[in-house]
Amino acid sequence: MSKPRVIWWIRTDLRLHDNLALQAALDLGPEAFWPVWTWDPKYVYRTRVGCNRWQFLTDCQRNLSESITKLNKKSKLFLIREAPQTLFPKLFKAWKITHLVFEKDTDPYGKDRDAVIIKAAQEAGVEVIVKHGRTLWDSDELVEKNHGKPLMSISQVQAAGLKVGDIARPMSAPISVPDPGTTDMSFEQQPSIPKPDFQRDRERQDKSYEKLIGPNGDFAVPTLEELGIPAATSQIRGGETEALKQLNKILSDKKYTATFAKPDTAPTAFEPQSTTLLSPHLHFGSLSIREFWWGVQNVLKEHKGKHSEPPTSLLGQLLFRDMYFGAQAKLGYSFNQTLYNDHCRFVPWHLPSRVDHETKRVTGDYHIDSPEAEEWFQRWKWGRTGFPWIDALMRQLRQEGWIHHLGRHAVACFLTRGGCYISWERGADVFEEWLLDHESACNAGNWQWLSCTAFYAQYYRCYSPIVFPQKTDKDGAFVIRYCPELKDLPAKYIYEPWKAPLQDQKKAGVRITGDGKDPEKGTYPKPMFDFSERRNICIERMKTAYKVNLYGNDSKAIDGTWKTLFADSAEGPTERNSFKDAMKQDGDEDNIQQDDTGKGHEAVKEKGEEAAETDGDNKRGDIGGSKRKRALGCTLDGFVRKSKK
DNA sequence: GCTGTGTTGTTCGT
DNA sequence: ACGAACAACACAGC
């Protein structure tokens, strides 16, 4: 038998340290060894990824490629611009591959894709080696030890984890890698079909597929320029080198590491942030979860005095991550949506997802059942709600790709059960696009947690956008950083600027006016509703939803007959009007839309959703951001661009 | 069936 | 600063 010719297929493990798949590949003693990344159109076009995460991903790829080259001048990350499903069969033949090695992926698409590749490899006589690696325990084993059920609580994770076994100690990075063999690419590239393109940030046509191995014929990592994506606005950078530096910084502060308690960290802190900022590295695998786990364990072993415990400790945070992976492992695609999800409570939120009942999956489009809710959603997304705490967080999310965990709680509660009564799936879509650390399992899980549809049920505990931030930031330094137009307002009004007398507004050079749709310079919008009124309405409705007690897989939830069960829970219009009257005091027109028929109101659609609904007539690039938002008569996007500077 | 606890609420009292 | 009431869910352990 000839010596192994091995492809190390990298997807979720952009690192050299503690890499089980890499080690398994090297253990084969290959005569030829290629580190390969396939440029999957599913990610390039069909996953919502903002400019900051594109930057972070390509940072990780470039850093890994450089690190490989340091080990062997002839080697690097071979980034090939084609879908793995069509590429690998050709590559197996052209490079005479004997083994394909990769880290086990966890999300439903990843599992489907890998099943296709494994089959193709077997047909080509290529041996496949799959190594679990990106979670503490293999999520499928965790489910098995949890009696075949999804992991829904931290105690279940701890119990099942004990049964699965010890968490492996991290391995160090290899000191050398074998030469690659031929890099002959004399086969046809299967053209990629870009439509529909979910990338709202894409400014120009994507060119990353123009040549199979890149514009210079060197397998290089694509630039944002090639992708047609504008420069990142975040300062946070990716790569294994960065990740290990950051981890060491955290671990060298032994007291911080040993006594970390999540609920006590401040969501208003910045530089340094009160949490580790390691989650994006866990997502892309530029940091090994075991390196993190055992690094903390080593500090705990030496620490004298009290240390924190799960679930609030650093290790507890990692356990929560495994919990969400363990829920998704069992529930599959349904975990990321309400309908057909038998563990997600059905709540008749506004703006619910459309579902394809054939595939039982969401289409990416949604029902605009209430124009008012759609407007609230847009104002939430673009940081123009008129609640400075919420707006500052949403602007931070967009600019930095990161917000503190408790900040995520605040905006998620506000959008769903504690304010807007809008489907958590709308919020999850926005987080998917903008978060550097977006992880589909954690995102879906946390949104269900915060919306009290799974994992958590105390819906009467509701975050106030005024009181909550005051606990850690009385003067609103955090708000002022992201809403600088409020910087000269007296501190006592910083979380409720609409209460500032006109004289104070004048002195501060800001007018609290307008509905956030077309903000004039020197203004900050009025709040889009009375918060305590909305909180009461939401809690009432949650109570009803809990009483009705439907889950996402219930036929009544799916076929729409749930409506009869919620008949007496309509919103009281009188309450709302009292707030609107109050807001008219200074003579400004109150523009909160009250178009109950929806007539004359052009629905705003997300780019990909629009394309998904129509039958593909849209030319790519036709659906520009500004055009899309003009449909609402709304120049929020204009505000966004301005604020980027 | 009862009781205590659950990573991360708010308001009001002392 | 701390504790209780608010109005009240789910689950584990007994």
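In what follows, chains carry the letters A, B, and so on, assigned in the order in which the sequence lines appear, proteins first and then strands, with residues in each chain numbered from 1.
The gap from the P atom of B:dT7 to that of C:dC2 amounts to 22 Å, rounded to the nearest Å. Remark: the separation of the P atoms in B:dG1 and C:dA7 is 27 Å, to the nearest Å.
Both A:Arg461 and A:Tyr546 lie close to DNA chain C; mapped to their nearest nucleotides by heavy-atom distance, the more 5′-ward contact belongs to A:Arg461.
Separating the CH2 atom of A:Trp449 from the P atom of C:dC9 is a distance of 18 Å, rounded to the nearest angstrom. Note: OH (A:Tyr460) to C1' (C:dC6) measures 10 Å, nearest angstrom. Per the geometry, CD1 belonging to A:Ile154 stands 19 Å off P belonging to B:dT5, to the nearest Å. Atom-to-atom, CZ of A:Arg417 to P of B:dT10 comes out at 10 Å; the value is rounded to the nearest Å. The NE2-P distance, from A:His409 to B:dT10, rounds to 13 Å in whole Å. Nucleotide B:dT10 holds its P atom 13 Å from the CD atom of A:Glu496, rounded to whole Å. Across the protein-nucleic acid pair, A:Lys149 atom NZ and C:dC11 atom P stand 11 Å apart, rounded to whole Å. Note: CZ (A:Arg535) to P (B:dT10) measures 7 Å, nearest angstrom.
In this structure, the aromatic ring of A:Phe320 is positioned over the six-membered ring of the base of B:dT7, centres within 5.5 Å and planes within 30°.
Using a 3.5 Å distance cut-off with no hydrogens or angles, the side chains of A:Thr275 and A:His405 do not pair a donor with an acceptor. For the 3.5 Å distance criterion, the side chains of A:Thr106 and A:Gln328 fail to qualify, holding no donor opposite an acceptor.
Within 4.0 Å of A:Gln470, counting heavy atoms only, lies no atom of the nucleic acid at all.
Phosphate contact (OP1/OP2 of B:dT8, side-chain N/O of A:Gln458, threshold under 4.0 Å): absent.
Taking the six-membered ring where the residue is Trp, the centroids of A:Phe529 and A:Trp376 are separated by under 6.0 Å. In summary, the aromatic rings of A:Tyr459 and A:Tyr421 are positioned with their centroids too far apart to meet the 6.0 Å limit.
The partner of C:dA7 is absent, by the rule that a Watson-Crick or G-U pair needs both atom distances under 3.5 Å. Under the Watson-Crick or G-U wobble criterion, with both distances below 3.5 Å, B:dT7 is left unpaired in every strand shown.
Closest to the A:Ser464 side chain, of the nucleotides B:dT8, B:dT10, C:dA12, is B:dT10.
Applying the ring-ring contact (aromatic ring centres under 6.0 Å, His included) test between A:Phe346 and each of A:Trp562, A:Tyr551, A:Tyr546 identifies A:Trp562 as the sole match.
Near-neighbour residues of DNA chain B inside residues 293-317 of chain A, defined by a heavy atom below 4.0 Å, number-ordered: A:Pro311, A:Thr312, A:Gln317.
A salt bridge does not link A:Asp437 with A:Arg321: every distance from a Lys NZ or Arg NE/NH1/NH2 to an Asp or Glu carboxylate oxygen is 4.0 Å or more. Between A:Lys104 and A:Glu141, none of the side-chain N atoms (NZ, or NE/NH1/NH2) sits under 4.0 Å from a carboxylate O, so this pair counts as no salt bridge.
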